[in-house]
Amino acid sequence: MSYYFAKTLSCGFDEAVQRTTGALKAAGFGIISEIDVKETLKKKIDVDFRPYRILGACNPRMAYEALKIEDKVGTMLPCNVIVQDAGGGKIEVAAIDPVASMQAIGNPTLLETAKLVRSMLQSVVEGL
């Protein structure tokens, strides 16, 4: 089982970030964190890196359900979605598969919630 699912887009990096953010919001996910990896690596260790953004996406209702089931599941939240320059004019958007990550917990009830979140994230990525 893969731990993520992805789609390649033919657009600019900033446009891909905007499209991804908009699609996540339309599906009920808020962006609670955003990390510009390229900028951070340049600032912290003075290396050049390709455009790479990590979006911390959270659906409050689903997070609440998961937290009611497992109070330590917050260590695995939010669901990260990346937008990165894949070269050749292509941009890749990839999202964590919450089912893959939640299997580490071994709670069947939590796994059902993760399946719902996976379906929502897959729809977002596929719809880009």
Side-chain angles (χ1 to χ4, degrees):
M1 170 187 290
S2 179
Y3 64 94
Y4 70 92
F5 35 89
K7 182 171 184 176
T8 302
L9 307 178
S10 295
C11 64
F13 181 79
D14 290 335
E15 180 184 340
V17 171
Q18 289 177 339
R19 285 173 52 186
T20 303
T21 300
L24 286 163
K25 287 181 180 178
F29 291 88
I31 304 301
I32 61 173
S33 64
E34 187 170 336
I35 302 167
D36 184 332
V37 174
K38 177 181 178 172
E39 179 183 300
T40 301
L41 292 176
K42 185 65 175 175
K43 183 178 178 181
K44 298 292 184 181
I45 60 174
D46 196 29
V47 296
D48 293 319
F49 196 74
R50 67 188 173 279
Y52 192 111
R53 191 86 41 98
I54 302 171
L55 305 173
C58 180
N59 181 294
R61 292 187 192 284
M62 300 310 293
Y64 175 62
E65 291 303 316
L67 287 164
K68 288 191 306 184
I69 296 166
E70 287 279 342
D71 70 338
K72 307 300 185 291
V73 77
T75 62
M76 302 175 112
L77 299 178
C79 293
N80 284 330
V81 177
I82 65 165
V83 180
Q84 69 171 320
D85 187 327
K90 302 292 183 188
I91 304 297
E92 181 185 49
V93 177
I96 184 73
D97 181 346
V99 172
S101 61
M102 294 301 141
Q103 284 182 337
I105 296 173
N107 182 325
T109 305
L110 183 62
L111 195 56
E112 290 307 310
T113 301
K115 286 178 183 178
L116 291 172
V117 177
R118 173 174 59 188
S119 176
M120 295 165 74
L121 287 172
Q122 280 180 316
S123 291
V124 167
V125 171
E126 291 170 4
L128 292 172

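Fair warning: this is a prediction, and the values are worked out from it, not measured in the lab.
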Taking Thr20 for the side chain and Ala16 for the main chain, is one N or O donor matched with an acceptor at less than 3.5 Å? yes
Are Met102 and Thr113 side-chain neighbours, meaning at least one heavy-atom pair lies under 4.5 Å?
no
Discussion item. Between Leu121 and Ile31, is there shared hydrophobic-cluster membership here, with clusters defined by ILVMFWY side-chain heavy atoms closer than 4.5 Å?
Written reply: yes
Review point. Do side-chain atoms of Asn59 reach the backbone of Gly28 as a donor and acceptor pair under 3.5 angstrom?
Key: yes
Any sub-3.5 Å donor-acceptor pair from Ser101's side-chain atoms to Pro98's backbone N or O? yes
Exercise. Are Val17 and Val37 co-members of a hydrophobic cluster defined by side-chain heavy atoms under 4.5 Å apart?
Worked result: no
Looking only at heavy atoms, the pair that brings Ala6 and Glu92 closest together is CB-OE2, 3.6 Å
Margin query: Let me check something: do Leu24 and Ile54 share a hydrophobic cluster, defined by ILVMFWY side-chain heavy atoms less than 4.5 Å apart, either directly or through other members?
Written below: no
Mind checking whether Phe29 and Val117 have side chains closer than 4.5 Å, heavy atoms only?
yes
(message) Side-chain heavy atoms nearer than 4.5 Å, only ILVMFWY residues, links allowed to pass through others: does that put Leu116 and Val124 together?
(response) yes
- prompt: Considering residues, nucleotides and ligands other than Phe5, do more than 12 of their heavy atoms fall under 6.0 Å from its CZ?
  reply: yes
Looking only at heavy atoms, the pair that brings Ser2 and Asp97 closest together is O-OD2, 3.9 Å
Pro51 and Gln84, any side-chain heavy atoms less than 4.5 Å apart | no
Smallest heavy-atom separation, Val125 atom then Lys7 atom, equals O-CD, 3.2 Å
When every non-hydrogen atom of Asp14 is compared with those of Arg53, the smallest separation belongs to OD1-NH2, 4.4 Å
The reported gap from CG in Asp85 to CD1 in Ile91 (rounded to nearest 0.5 angstrom) is 4.5 Å
Checklist entry - Is Ile35 linked to Ile96 within one hydrophobic cluster, defined over Ile, Leu, Val, Met, Phe, Trp and Tyr using a side-chain heavy-atom separation of less than 4.5 Å? => result no
Closest non-hydrogen contact found for Phe13 with Tyr52 is CZ-N, 3.8 Å
So NZ of Lys115 and CZ of Arg118: to nearest 0.5 Å the spacing works out to 7.0 Å
**Request:** Show your reasoning for whether salt bridge (charged side-chain N to carboxylate O under 4.0 Å, His left out) applies to Lys68 and Glu65.
**Result:** CA-CA 5 Å; Lys68 288 191 306 184; Glu65 291 303 316; 3.2 Å; yes
One should read off an interatomic distance between Gln103 CD and Leu111 CG, to the nearest 0.5 angstrom, of 6.0 Å
Students should find that the hydrophobic cluster of Ile32, defined by side-chain heavy atoms under 4.5 Å apart, otherwise consists of none
*Is atom OH of Tyr64 surrounded by more than 12 heavy atoms (other residues, nucleotides or ligands) closer than 6.0 Å?*
no
Nearest heavy-atom approach of Leu128 to Arg19 is C-NH2, 3.1 Å
- Query: Quick check: are there more than 12 heavy atoms from other residues, nucleotides or ligands sitting under 6.0 Å from NZ of Lys25?
  - Reply: no
| query | Does a side-chain heavy-atom distance below 4.5 Å link Asn80 with Tyr4? | reply | no
When Thr40, Leu41, Asp46, Val47 are each screened for side-chain contact (heavy atoms from CB on, under 4.5 Å) with Lys44, the one that passes is Thr40
